[in-house]
Amino acid sequence: MVQQPTSGRGKPFVALILALGGFVAQTQLTHQILTVMNYDRPFFVIYVTQSVFTVSVIIHLVYLATTTKDSISSLSKGLNITIAQRLRPGSSSQLIRFPYLRFFLIVLTLTAGFTTPTLLWFPAMLQASYALLIWNTNAFFAYLISVTLLGRQHQHRKFAAVILATIGVVLVIYGGSMVSGNNVLHTRLPSRSVGDLLALLASILYAGYQLFYDTFIEPPLVPLQALDAFSSESTPLIEEYKDAIYPSPYGLESSFWTSMIGLCTMSLLWTVFPVLQGLGVEEFSLPTDSRTVLAILGAAFSGAMFMTGTMMLLASWGAITTSVTSLLTIVLVFLTDLMLGAAISIWSIVGSLVTAAAMLVLADSSLVSTILVPATQESDA
């Protein structure tokens with residue numbers, strides 16, 4: 001068993017850049033696709049985007065094999081052990097035997113947990129910045145769920161942040177009036193009020209998904225010494241894993257789970273197209289012009305960047321801290337909206353600032369140390 005170095009304080013910040021850049025690009029491109037480009041097929045865009053997630057672990061493995069001396073075979077074997085141990089925490093006697101049933105259940109749960117809020121959020125993209133702001137309230141919903149359902153300690157300071165954030169959302173939804181030449185109404189897309197509600201529900205469900213993955217990825221992996229003792233047994237199966245790289249390099253496990261969500265989506269979600277067409281919800285048709293095709297591919301790969309980076313951050317910093325740092329997307333999308341000529345009302349700005357302030361209140365004094373301390377949960381997965 002080959003020891004994998006676990007140093008690297010800056011790696012979570014690379015993941016943060018991936019997540020922020022990917023989300024902003026995906027938001028703007030999807031908004032253009034559904035409105036300006038007149039391709040109102042949100043379900044198809046979701047399907048393509050999440051199917052592209054499949055390439056995440058492949059790209060990550062190729063990158064690691066190119067930039068290090070580790071082979072794809074050794075990295076894959078170590079990843080196999082990492083995933084098996086994640087699914088059977090604390091057991092070194094069954095690390096090589098892969099728990100397929102639990103694996104499939106986890107993949108289905110992760111896919112459903114991410115896809116459901118995405119299905120709600122994409123149609124709300126008609127008002128891109130508003131949908132983004134409401135989506136980012138998942139930070140305080142994550143806090144509420146963690147306290148009320150998971151039994152974590154209640155803090156008055158964080159509860160006050162929830163109230164403040166709610167006021168910020170109300171200011172944006174009911175006080176803002178954004179008239180943009182880029183917003184083109186479509187019969188298939190919801191009205192602004194319905195879109196706001198869909199974005200709010202998506203935010204709550206996404207908070208639950210983040211907490212599920214955070215809880216799932218939290219238990220520490222079996223130490224290398226235990227694996228060495230286990231692998232000393234002279235069996236052909238164990239000998240096959242002698243050159244495995246364990247623990248896996250930073251982020252590789254998250255890339256794997258991202259790819260599994262993509263593969264599950266690609267394998268299962270296509271079956272809904274005939275149902276949607278039969279019900280008259282969405283008529284299946286491929287884009288006919290190259291500009292729309294390129295925009296959809298750009299949104300898909302941007303979405304894969306966002307998802308992979310976010311999964312890495314959840315494993316490194318946890319659900320609430322990750323949600324807090326993702327608030328930077330509000331500022332970035334506002335800036336890109338202004339660059340694209342969108343008109344943003346003063347209430348939108350005030351509501352955004354109030355909500356951002358509330359999220360900063362959520363970040364207690366441990367946030368700085370949490371960010372600066374190297375990741376230990378996916379340290380190195």
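Computation of the quantities below employed the complete heavy-atom set of this structure, encompassing side-chain atoms and omitting hydrogens, waters and symmetry-equivalent molecules.
Residues Leu108 and Leu268 are in side-chain contact: their nearest non-hydrogen atoms beyond the backbone lie under 4.5 Å apart. Counting heavy atoms from C-beta outward, Ile58 and Ser259 have side chains that stay 4.5 Å or more apart. For the pair Leu75/Pro249, a side-chain contact is recorded, criterion being any heavy-atom separation below 4.5 Å from C-beta on. Side-chain contact between Phe284 and Pro274 is absent, with no heavy atoms from C-beta onward closer than 4.5 Å. Met311 has its side chain within reach of Ile261: a pair of non-hydrogen atoms, C-beta onward, lies under 4.5 Å apart. Leu20 is not listed as a side-chain neighbour of Phe306, based on a closest heavy-atom distance of 4.5 Å or more. Side-chain contact between Arg86 and Glu253 is present, with heavy atoms from C-beta onward closer than 4.5 Å. The shortest side-chain heavy-atom distance between Leu252 and Val57 falls under the 4.5 Å cut-off.
Tracing side-chain contacts under 4.5 Å through hydrophobic residues (I, L, V, M, F, W, Y), one never reaches Val293 starting from Ile296; they form parts of separate clusters. The hydrophobic clustering, which links ILVMFWY residues whose side-chain heavy atoms are closer than 4.5 Å, places Val275 and Leu269 together.
Leu29 meets the side-chain contact (heavy atoms from CB on, under 4.5 Å) test with Ala299, Ser302; sequence neighbours excluded.
Here the closest non-hydrogen pair linking Ala319 and Asp214 is N-OD2, 3.3 Å. Contact record, Val272 with Phe43: CB-CZ, 3.7 Å, taken as the closest heavy-atom pair. For the residue pair Val52 and Ala300, the shortest heavy atom distance occurs at CG2-CB, 3.6 Å. Between Leu120 and Ala202, the shortest heavy-atom contact is CB-CB, 3.9 Å.
Taking OG1 of Thr68 as the reference point, atom CD1 of Ile245 lies at 8.0 Å (rounded to 0.5 Å). Note that CZ of Arg102 and CD1 of Ile83 are 12.0 Å apart. Values are rounded to the nearest 0.5 Å. The distance from atom OG of Ser71 to atom CG of Leu61, rounded to the nearest 0.5 Å, is 10.0 Å. The CD1 atom of Ile204 sits 7.5 Å away from the CD1 atom of Ile145 when rounded to the nearest 0.5 Å. With values rounded to the nearest 0.5 angstrom, Met307 atom CE is found 10.5 Å from Gln26 atom CD. In this structure, CE in Met37 is found 10.5 Å from OG1 in Thr30, a value given to the nearest 0.5 Å.
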Going through the checks in order, is the side chain to side chain contact (heavy atoms under 4.5 Å, CB included) test met by Met305 and Phe23? CA-CA 8 Å; Met305 285 175 53; Phe23 191 80; over 6 Å; no

Passes side chain to side chain contact (heavy atoms under 4.5 Å, CB included), Asn80 versus Tyr246? Steps please. CA-CA 10 Å; Asn80 191 349; Tyr246 181 88; over 6 Å; no

Checking Met260 against Phe103 for the side chain to side chain contact (heavy atoms under 4.5 Å, CB included) test, could you report, in this order, the C-alpha distance in whole Å, the side-chain angles of both residues, the deciding distance, and whether it holds? CA-CA 10 Å; Met260 291 305 98; Phe103 169 74; 3.6 Å; yes

Does the side chain to side chain contact (heavy atoms under 4.5 Å, CB included) test come out yes or no for Ser316 and Tyr250, once each step is laid out? CA-CA 9 Å; Ser316 301; Tyr250 175 82; 2.8 Å; yes

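Phe141 and Tyr206 have their aromatic ring centers separated by at least 6.0 angstrom. Between Phe114 and Phe53, the ring centre distance stays below 6.0 Å.
Pairs engaging residues 262-276 under the side-chain hydrogen bond (donor to acceptor under 3.5 Å, both in side chains) rule: Gln50-Thr265 [sequence neighbours left out].
For Phe301, the CZ atom sits in a loose shell: 12 or fewer heavy atoms of surrounding residues, nucleotides or ligands are nearer than 6.0 Å.
A donor-acceptor pair shorter than 3.5 Å cannot be found between the side chains of Ser56 and Ser255. Between Thr118 and Thr115, the side chains place no donor N or O within less than 3.5 Å of an acceptor N or O (distance only, hydrogens not considered).
Aromatic ring orientation, Phe216 versus Trp257: perpendicular (interplanar angle above 60°, classes split at 30° and 60°). Note: Phe44 and Phe273 have tilted aromatic rings, judged against thresholds of 30 and 60 degrees for the angle between ring planes.
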